[in-house]
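One is the number of the first residue; the rest follow in order along the sequence. Below, all heavy atoms of this structure are taken into account, side chains as well, without hydrogens, waters or symmetry copies.
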Amino acid sequence: MDEQALLGLNPNADADFRQRALAYFEQLKISQDAWQVCAEALAQRIYRDDHIKFFCFQVIEHQIKFKYSELTEVQQQLIRETLVTWLQAQMLNPQPEKTFIRNKAAQVFALLFVTEYLTKWPKFFFDILSVVDLNPQGVDLYLRILMAVDAELVDRDVVHTSEEARRNTLLKDTMREQCIPSLVESWYQILQNYQYTNAELTCQCLEVVGAYVSWIDLSLIANERFINMLLGHMSVEVLREEACDCLFEIVNKGMDPIDKTKLVESLCQVLQSAGLFSIDQEDDVDFLARFSKLVNGMGQALITSWTKLVKSGDMKSAQDTLQAIEAKMALMLQLLIHEDDDISSNIIGFCYDYLHILKQLSVLSDQQKANVEAIMLAVMKKLTYDEEYNFEHEGEDEAMFVEYRKQLKLLLDRLAQVSPELLLASVRRVFNTTLQNWQATRFMEIEVAIRLLYMLAEALPVSHGAHFSGDISKASALQDMMRTLVTSGVSAYQHTSVTLEFFETVVRYEKFFTVEPQHIPNVLMAFLDHRGLRHTSPKVRSRTAYLFSRFVKSLNKQMNPFIEDVLNRIQDLLELSPPENGYQALLSSDDQLFIYETAGVLIVNSEYSAERKQVLMRNLLTPLMEKFKVLLEKLMVAQDEDRQIALADCLNHAVGFASRTSKAFSNKQTVKQCGCSEVYLDCLQTFLPALSCPLQKEVIRSGVRTFLHRMIICLEEEVLPFIPSASEHMLKDCEAKDLQEFIPLINQITAKFKTQVSPFLQQMFMPLLHAIFEVLLRPAEENDQSAALEKQMLRRSYFAFLQTVTGSGMSEVIANQDAENVERVLFTIIQGAVDYPDPIAQKTCFIILSKLVELWGGKDGPVGFADFVYKHIVPACFLAPLKQTFDLADAQTVLALSECAVTLKTIHLKRGPECIHYLQQEYLPSLQVAPEIIQVGTFSSWYFKYLKVKTEDNIKSCVGKLNFSCFTFHTIAM
């Protein structure tokens, strides 16, 4: 071997050596005999360096995985002998190999197993067992090989082909017949031999048993001698975690429901007599997490048995199983309420499924009601934050608790399904008790009390949030709690979690304020003062901005008495903060968007006259326009790039804020009806000059483009005079992305105004197309994936534009161009339909072609279009599906094929028998289709046969092409 290259295998080697080692590995992989050098190195123990040993195993692994069938029988025998020789050598080693080498060796053994067990090495396991016997190092490798074999056969994380899945099934079946009993016996011997002397090997063996039990005969493991040994391990501190996992896999194995109940009950009796059902908070949490998972598995196994027994009608056995389930409730509750959330989380599945049983029972016993209440109290307690939760810098632990809370919420929802009255009464009791003395209560208790009220909204669902009507007792309870919430003063509590929960709950139950509107002023003040939008925490301010917007929008008419007061109070929050003032604004620009939208909603939905609304909207937007003009002047002369970026961002924010106010308008309250058209037209006149700014074009154009989109919706035809100038500026010096974002604007205008914008479209049609073609024709690096993707997206946008024009009854926009330009456009559509391997674009192109044929394909169509149909559109319909890249396994491609067929059908509808004649006499003969095949009525079976071959094997033979052509001809002739 290249000794210099091998130096690069050391993790501490420099980059050049590592690169050389990598290149050497690639060289050995393609070499015919390099694996033999590596095999010899391993068998004769030539190298002591661990990384070289690992490297040798990698080379052999690659040979087995990808090139094993190329080897002669003698060479294959050499690989087997090499591995056995290496294994024998391990028995004599004073020290075992490093773990990563043993794992790699196990993987290589497993690969050879799946390759040879069924044919050349049926005694694989017996040969390994004869070598390792009970030697500790040998047993270690044997167990690792077993785990690697299991990973190859049943690991669900590994994606197998259907052929590999069939092979794995055959391997497992053969193992069950030939060697599994012997393997199980070897496991028992290993456990018996090492359970008191070698905890590591014992745990490894338990892991193997747990892995294999899912697919071998359970009776080999679930018998007295094995179970007794495993239960004994439950009392040994170093073994009990693995024993738990092993027992869990046994319990999880599918079996007859009565037998499963007996098995679980026998396990429980022994575990209980060993004192394991008495949970101590001080116990080892790692073990309790495993034990909790085991108890969960036993509980869910019993519930599965109960379900099967009920379905089969064996009600006596079902009742016995239900008693067995309920006997575990005390243990389940101990684990559910454990202070460690992992332990608690592991038992939630059992708890949830038990509640599902109770939901199905018509009447609950007193004990079952007590169980429900106990679970409810446990959930309420476990929802509580602990002291260590970091609200300002939430990390992994905090994220895990949030996920855990989501699990608890599912439990709470299920509790509500079992006993909604009990849940409501329990929450009400906790809520009222906590809020009576909130000043002297810890934050986490207040937060969870309000949180429970919040969660009731989903736990006790109603139509359209009507919690305060209908069921009087429920409505009364919720109304009382909401009244307490908003009048208790708890919104002033000095903790972010309580503050946020207060506002979340107020917004969740916004319909309360339609019942008791007298509380609106107090809640508005909470939103507007130091408790909400002016809170010391940026996180609270940000969330409150969003919630305030929702609150105002939901209350709508109830806000009328407070509109001008609110607008005055939020005035300072609306200020555009230019980059040079150095002042840290209370709200980010994203948060300000919600405040501007809220202001717009207040004005638009008010009961003021149109004149008053116009005044208020002008007062809102004029400061933005004035600041915009000043900032634009500064940007035009700014030299420093960082300052340019800051100014452009600020300008973009100004446009964005103005856009956001327009979201308040609706079909019932249009801009025109509110008298605000003039204000937004002034905004347009203020913002559009920014398009001519040569600096930071992308940012500014993006903002103005978004504003134009909004104004097309809001101002309707009043926006049209501004479109030509805006378009002219946006087409100057544009990149692919600029055009991609500009085309949807033109599409929106075209689809909305149709013939009203026909003169404008005809004027800008070719300038837009020239800009698109110029960008598409720009050379790019061959491997520049980003540039290729941008061009693909631009091409799609271009075809979408043509589809909008033709689909909006504006085909004259294309027809009125110069003949040369019309021809160029038509050829780009043909090219898009046939040549580009993009099914989305192809589908669009066929839609365009179909529409053009419908509009122009008749006898009175444009001169020369009929020739174009026969010379180019018809061939496109035949050639596109026959392209190598036309993948019929792809859904978008199938849609493209459908549009292709529609195009051919449209041609036939417009041209009639002439089309059939052309196909029979000219086109199909030109493809050298035999005359006897070109007959209507014989082609569909050919086509489906072709499709099957094409989809499965991607074969496109000449016969396949002819078959498809003939089928298409058959289709249009129907």
When you check the side-chain N and O atoms of [X] and [Y], is any donor under 3.5 Å from an acceptor?
X	Y	value
S662	R710	yes
R660	Y596	no
S588	D591	yes
H709	Q748	yes

Is [Y] paired with [X] through a side-chain N to carboxylate O contact shorter than 4.0 Å?
X	Y	result
R778	E735	yes
R550	E504	no
E394	K539	yes
E626	R618	no

According to side chain to side chain contact (heavy atoms under 4.5 Å, CB included), who are the partners of C676, at least two apart in sequence or on a separate chain?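 Residues passing side chain to side chain contact (heavy atoms under 4.5 Å, CB included) with C676: M617, F665, V671, C674, Y680.
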Report the distance from atom CG of L647 to atom CD of Q696, rounding to the nearest 0.5 Å.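 Separation between the atoms: 9.0 Å.
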Applying salt bridge (Lys or Arg N to Asp or Glu O under 4.0 Å), which residue pairs with at least one partner in residues 559-571 are found, sequence neighbours left out?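 Counting only pairs at least two positions apart or across chains, the salt bridge (Lys or Arg N to Asp or Glu O under 4.0 Å) contacts touching residues 559-571 are E564-R612, D565-R569.
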When you look at E607 and K613, which way does the salt bridge (Lys or Arg N to Asp or Glu O under 4.0 Å) test go after all the steps? CA-CA 9 Å; E607 294 176 352; K613 287 181 182 180; over 6 Å; no
Mind listing the closest non-hydrogen atom pair of V719 and L684 along with its distance?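 In terms of heavy atoms, the two residues are closest at CG2-CD1, 3.7 Å.
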Compare every heavy atom of A654 with every heavy atom of F628, then report the nearest pair and how far apart it is.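 Closest approach of F628 to A654, heavy atoms only: CD1-CB, 4.0 Å.
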Using only atom types and a distance under 3.5 Å, with no angle test, would you say the side chain of [X] pairs donor to acceptor with the backbone of [Y]?
X	Y	result
K791	A788	no
Q592	L573	yes
D818	N821	no
N816	E812	yes
R541	H535	yes

Parallel, tilted or perpendicular, as decided by the 30° and 60° cut-offs, for the rings of F687 and F707: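 The arrangement is perpendicular - the two ring planes meet at more than 60°.
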Aromatic plane relationship, F773 with Y798 - under 30° parallel, 30 to 60° tilted, over 60° perpendicular: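 It falls in the perpendicular class, over 60°.
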Evaluation steps, ring pair (Phe, Tyr, Trp, His ring centres under 6.0 Å), between F503 and F527: CA-CA 8 Å; F503 287 120; F527 271 114; 4.6 Å; yes
Any side-chain heavy-atom pair from K629 and T686 closer than 4.5 angstrom?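 They are in side-chain contact.
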Kindly say whether the aromatic ring centers of [X] and [Y] come within a distance under 6.0 Å.
X	Y	value
Y493	F502	no
F551	F513	yes
Y389	F391	yes

Sequence-distant partners of F512, ring pair (Phe, Tyr, Trp, His ring centres under 6.0 Å), two or more places apart: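 In terms of ring pair (Phe, Tyr, Trp, His ring centres under 6.0 Å), with neighbours along the sequence ignored, F512 is linked to F468, H519.
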